[in-house]
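What follows is one structure encoded as structure tokens, with my remarks underneath.
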Amino acid sequence: MASVPFDSRDGVIWYDGEFVDWKDAKVHVLTHGLHYASAVFEGERAYGGVIFKSRQHSERLIESGRILGFTIPYGVDEIEAAKAETLKRMGFKDAYVRPIAWRGSEMMGVSAQQNTIHLAIAVWEWPSYFKPEERLKGIRLDQAEYRRPDPRTAPSRSKAAGLYMICTISKHAAEAKGYADALMLDYRGYVAEATGANVFFVKDGALHTPTPDCFLNGITRQTVIELARRHGIEVIERHIMPEELSSFTECFICGTAAEVTPVSEIGPHRFTPATISETLMNAYMAEVQPKAAAAAAE
Ligand code: PMP
């Protein structure tokens, strides 16, 4: 059964500083963000009523806008308060949090210097379906045709809507072939990331992950690196050639939505989720749980 479309749900959405009825949180068809992809967004997750690394996400949102040449008219503290209040009003403990900022309608051409910058925040319920034994089977990845662009071609450090065009095309192509997702190379031919998650590999007990020099250095990725080091696992960030895939024994992707998800296949290459993937998968799930106030203050 199809779920209720996102524009037809109940609740409230924080919209330019006010709460509006969910169904009324609209933009006009003549909106710069829609025509010219001048929009940036975040993907965050609340566990037990607390958004994991919320502040880092708010900072990244502001930075994403800055990279696209606009200033979101709210500071980190205001965005933090707005997200917390939206979550509270919606009454969710385990939820996805989606802030989006975009250029409005004052000018409708490539140049849009006078356009108002808008910000909206929506949250929706997203229970954590964490089943370690299911996840350890691993997901299958296709090899994407599109590549992550050269930072001189696109603002690759921004979580900008426009950068997701090639992700949706690649993910659709993968799904049409029965895969869960696709692995994208970068403009030089190095292994980059999945369509909405970063990627890690295991070889001889060490973790290898691509250097994030033309794609998002995910907040989950940074968390996984920290957790790995805490567990005494060596982490090597470097350029990885696709020919090397056959030399890795384990592989997993990670992101706010994916959390840590082991991979069993990338095209012709096979991986067996094992100890390191399992350790980090469980360590990540423990890390995202809200800490008691006293422990957090340490
Ligand atoms: N790369 C892409 C393209 C993404 O969309 C995401 C999800 N935001 C990530 C990586 C992982 O980022 P994060 O861990 O901050 O969610």
Side-chain angles (χ1 to χ4, degrees), residues 37 39-47 51-65 67-68 79 83 94-101 121-124 126 128 139 141-142 144-151 153-174 180-187 190-201 207 209-228 235 237 240 251-261 263 266 280-281 283-285 287-288:
V40 296
F41 65 100
E42 268 306 316
E44 318 179 25
R45 213 156 158 170
Y47 295 89
I51 302 170
F52 183 62
K53 300 205 170 171
S54 183
R55 215 175 164 83
Q56 244 177 284
H57 282 282
S58 295
E59 286 164 358
R60 186 169 73 182
L61 180 73
I62 291 170
E63 176 63 8
S64 290
I67 294 170
L68 261 60
I79 297 172
K83 289 191 298 192
D94 295 311
Y96 187 80
V97 180
R98 168 56 60 87
I100 177 155
I121 300 165
V123 307
W124 53 87
W126 195 344
S128 188
I139 58 165
L141 304 188
D142 189 14
E145 281 188 24
Y146 278 104
R147 293 181 172 207
R148 303 306 310 175
D150 185 329
T153 304
S156 54
R157 283 182 197 281
S158 170
K159 193 166 165 63
L163 289 167
Y164 284 86
M165 176 176 63
I166 56 173
C167 299
T168 298
I169 296 172
S170 302
K171 185 142 175 162
H172 283 187
D181 199 352
L183 179 77
M184 303 179 86
L185 303 182
D186 74 12
Y187 65 102
Y190 295 131
V191 170
E193 58 170 354
T195 63
N198 293 116
V199 68
F200 283 82
F201 301 95
L207 271 184
T209 192
T211 309
D213 56 8
C214 62
F215 56 85
L216 217 56
N217 179 8
I219 292 169
T220 317
R221 177 188 183 279
Q222 295 171 47
T223 306
V224 165
I225 290 176
E226 191 189 311
L227 292 171
V235 183
E237 293 183 75
I240 296 172
C251 172
F252 61 82
I253 59 168
C254 71
T256 296
E259 298 170 324
V260 171
T261 298
V263 170
I266 302 177
L280 292 170
M281 188 177 83
Y284 183 74
M285 293 318 289
E287 187 72 10
V288 296

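Counting convention: from 1, in listed order, for ligands and their atoms alike.
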Asn198 side chain reached by Thr209 side chain, heavy atoms, under 4.5 Å = no

_Tell me if the aromatic rings of Tyr284 and Phe52 count as close, with their centers under 6.0 Å from one another._
yes

Sorted by chain and residue number, the ring-ring contact (aromatic ring centres under 6.0 Å, His included) partners of Phe41 (sequence neighbours excluded) come out as Tyr164

Check your understanding: Within a strict 4.5 Å, meaning less than it, do heavy atoms of the Cys251 and Val199 side chains meet?
Key -> yes

Side chain to side chain donor-acceptor pair (under 3.5 Å) with Glu42: of Lys159, Arg60, Arg98, only one passes, and it is Arg60

Contact between Val288 and Arg45 at the side-chain level, heavy atoms closer than 4.5 Å - yes or no? no

Present, as a list of atom pairs with distances to 0.1 Å, all nitrogen or oxygen contacts under 3.5 Å between ligand 1 and the protein.
| unit_1 | atom_1 | unit_2 | atom_2 | d |
| --- | --- | --- | --- | --- |
| ligand 1 | 1 (N) | Glu193 | OE1 | 2.6 |
| ligand 1 | 5 (O) | Lys159 | NZ | 3.4 |
| ligand 1 | 5 (O) | Tyr164 | OH | 2.4 |
| ligand 1 | 8 (N) | Lys159 | NZ | 2.8 |
| ligand 1 | 14 (O) | Ile219 | N | 3.3 |
| ligand 1 | 14 (O) | Thr220 | N | 2.8 |
| ligand 1 | 14 (O) | Thr220 | OG1 | 2.6 |
| ligand 1 | 15 (O) | Arg60 | NH1 | 2.8 |
| ligand 1 | 15 (O) | Arg60 | NH2 | 3.0 |
| ligand 1 | 15 (O) | Ile219 | N | 2.8 |
| ligand 1 | 16 (O) | Thr256 | N | 3.0 |
| ligand 1 | 16 (O) | Thr256 | OG1 | 2.6 |

